[in-house]
Amino acid sequence: LSEVAAQLTTPVEHLPGITPRQADSLRTLGLTNLGRLIAHLPMRHEKIEAESPIGELTPDQVVSARGDVTATRLVRAGRPRFEAVLHDGTDGGRLDLVWFNQSFMKSVVVPGVRLRVQGKVKKRGPGLQMANPKWEVIKPGEEEPPVREERMRPIYPANENIKSAAIERLIERALPVGLPLIEDHLTAEYRAERALPELREAYQMQHTPASEEDVPRSRRRLAYDELLLLQLGVQMKRAHLRTSLRAPALKWNKGIDKHLRERFPFTLTPSQDEVISDIARDLSRTIPTNRLVQGDVGSGKTIVALYAMLMAVSSGAQASLMAPTELLAEQHYLSITRILEGSRVRVELLTGSVAPAAREPMLARLAEGAIDILIGTHALLTSTVRFKSLAVAIIDEQHRFGVVQRAALREQASDVSSTPHVLVMTATPIPRTLAITLLGDLDVSSIQGLPPGRKPITTKVASFADRTAIYAHIRARLNAGEQAYVVAPAIYPPGGAQSSDGELGFLPAIEPLPAQEGIGGMAPASAAPPLSAGPPLRDITTLATDLEQTYLPGKRIAMMHGQLSRQLREAIMERFRAGLIDCLVATTIIEVGVDVPNAAVMVIEQADRFGLAQLHQLRGRVGRGGAQSECFLIADPTTPEALERLTTIERSTDGFHLAEKDLELRGPGQIFGSRQSGLPPFKVADLTRDRQLLTMARKDAAAWIKESPRLSRPEEHLVLRRMLKAYGRHLGLGDTG
Ligand code: ADP
Ligand code: MG
């Protein structure tokens, strides 16, 4: 294949200088064609010092030098090695060379031979040593090879089939063919204003940097591209929503406001009022609302959601509330029906537990408009769920900002010319810049502080050995008429039916997350350190028996977990709420949605098994009444990270602080990785490091979309295509140009 005919889509095996075998190896890294090969960026660069006289070599650097071999020896004892001494005639010009298991060298490298070597040099006693250096003989009479300049060597992601050095050679060979084919989606003028190198130049600089500065300079261009493309997508989507979709404008006036508030069992806090006015203003317009309401655990988001839903009902439209777990949906259903008791508002609950026989008529009434508020789990997103006029859709405790889910919700309005207003409620505070990147199409409101009369929760970390004392203390509080939660990581004893709670997360969250890859909000228990480390998971079945027989004899104890039927769950929660159960032994199923003010103490067993955010959520179940609440974390942490998590949670009850700490402990990659955002991860950009670049990309994208909302000008064709390819599917923009 001639260079002229090559395309970025040309398979690697057709490229000049690549053998079929090498092509096979490249394929194991996903490098199937020329374009992908060139887009395979180094993960880092290693500085190779310029060749210098031996006396000037810098220890611990990769260096090159040349000189004459003055002595050699073969050592057979121990690990066989071949040693040589190199002199270059300068002051201090002696370098000891050693090669292991290469005895054949004794016939090539003999005294008198002139060598050029490259490798990492170490200080060894008074002199310098280089182990296993690369070497070449400079033949007598031949011209001396030129002195090597300092160089940045790219280190590539590699695997057992092909090493970084081999990839480096192949890419270097492919560059002259591939680079000319790379078109830039940014104009020269645009780049100049931002001091960005041309795209092909950026790739060239990554693969074969001419200087140390080339590396960050080209990285900046490639990171900017990623951020810009995402921001263009996000803002294009936002512009599209604003201009082409219409939501019902809901009525809002003093009368309605007064009427709604009269139903509420308490006065709203100033912060709740503020958030409500943001929302009400949004809802009274035809621009579809897309707002994130964040507020710490227990800050009172439900009532805000209810206000929005009732605005829909006052306008004769419908509302929905979607929760991540059945338990939370059930609890919302119960508390909302309680608040609305005696009103004409018709509320129903739809979860996976609703029998088909009951489901059919419910869906029929929904489609007729005979249900005003539908509460449920992700079952609400099923295509058979059709509203007559859905005006407000609330997603509660969503920790993944699935644009995908919001898109699915929008499709439920039967009238295509009308899309619902969407509100997302979350207790997971997100640093603002990051929120904007990932949720660029969402407005954000925050509920600050907690409702009045709350006392801060006291948190204590204790060891397994303290259990007796802790439970004695719990017993005393139960004797005084209070209630308690005891949380453990598993339902059944080891070897029992199942070792962890099969509780549903939110949509994609259903699958358990691998270790430590939990989400800012709620990593399931399985997100804790690997199960093989430490003792087996303590289970609530054994624990409940222990409590009954040993620690809390005579107390009314019940278990709560995801394997119970809805009837049982509801009955238990009702009894707990009514004070007929003293102690609820539960899995993390209670981490959201359980709200019983008289329950003022919590014990979390094997607390080192839980993530920071999850501990915060769990702890948020207490501290909901006027009594002084306590949370005991029983743990014997085995890793420094676990210890730090526990110390952090012991010291702070501030969700924002904890979120930041979580970010620090786990890194934004973990928290803001694709799992949470629903977006593919960045290859180059790094949200902690590139904040400034992000701000710039965001501004640039906003200006760009303002001028050309659909990127439909001919010169924008390339940028549009690249944006759609990267993010179109995720943003619901279609994925081809
Ligand atoms: P979250 O933000 O975690 O969803 P909830 O909405 O469940 O919090 O509210 C926590 C508790 O605080 C509930 O018992 C709720 O009734 C109560 N609450 C909410 N707002 C107020 C308020 N303004 N005054 C008194 N209690 C409130
Ligand atoms: Mg809530």
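Bear in mind the structure is a predicted one, so any value in this text is a computation, not a measurement. Start at 1 and go down the list; that is how both ligands and their atoms are numbered.
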For residues [X] and [Y], determine if any side-chain heavy atom of one lies less than 4.5 Å from a side-chain heavy atom of the other.
{"X": "Ile395", "Y": "Met425", "value": "no"}
{"X": "Tyr551", "Y": "Ile470", "value": "no"}
{"X": "Lys254", "Y": "Lys258", "value": "no"}
{"X": "Arg263", "Y": "Ser343", "value": "yes"}

Check ion pair [X]-[Y] (N to O, under 4.0 angstrom):
{"X": "Glu591", "Y": "Arg621", "value": "no"}
{"X": "Asp608", "Y": "Arg645", "value": "no"}
{"X": "Arg566", "Y": "Glu326", "value": "no"}
{"X": "Asp396", "Y": "Lys301", "value": "no"}
{"X": "Glu650", "Y": "Lys460", "value": "no"}

Q | Close approach, Val304 and ligand 1, non-hydrogen under 4.0 angstrom | A | no

Q) Touching ligand 1 at all, Ser299? Heavy atoms, strictly under 4.0 Å? A) yes

Q: Could you tell me whether Gly298 and ligand 1 have an N or O pair separated by under 3.5 Å?
A: yes

Q | Polar proximity ligand 1 side, Val297 side, N/O cut 3.5 Å exclusive | A | no

Ligand 1 atoms in contact with [X] (distance to a heavy atom under 4.0 Å):
{"X": "Thr269", "result": "23 (N)"}
{"X": "Asp296", "result": "2 (O)"}
{"X": "Leu268", "result": "23 (N)"}
{"X": "Thr302", "result": "4 (O), 5 (P), 6 (O), 7 (O)"}
{"X": "Arg624", "result": "3 (O), 7 (O), 10 (C), 11 (C)"}

Q) So between Lys301, Gln617, Arg454, whose heavy atom ends up nearest atom 17 (C) of ligand 1? A) Arg454

Nearest protein heavy-atom contact for [atom]: which residue, which atom, what distance?
{"atom": "atom 22 (C) of ligand 1", "result": "Phe266 CD1, 3.3 Å"}
{"atom": "atom 8 (O) of ligand 1", "result": "Gly300 N, 3.2 Å"}
{"atom": "atom 20 (N) of ligand 1", "result": "Gln272 NE2, 3.0 Å"}

Q. What's the spacing between Gln318 CD and Leu366 CG if we round to 0.5 Å?
A. 5.0 Å

Q. Is Asp595 touching ligand 1 with its side chain, its backbone, both, or neither, if touching means heavy atoms under 4.0 Å apart?
A. side chain

Q: Pick one of side chain, backbone, both or neither for how Thr267 approaches ligand 1, counting any non-hydrogen atom pair under 4.0 Å.
A: backbone

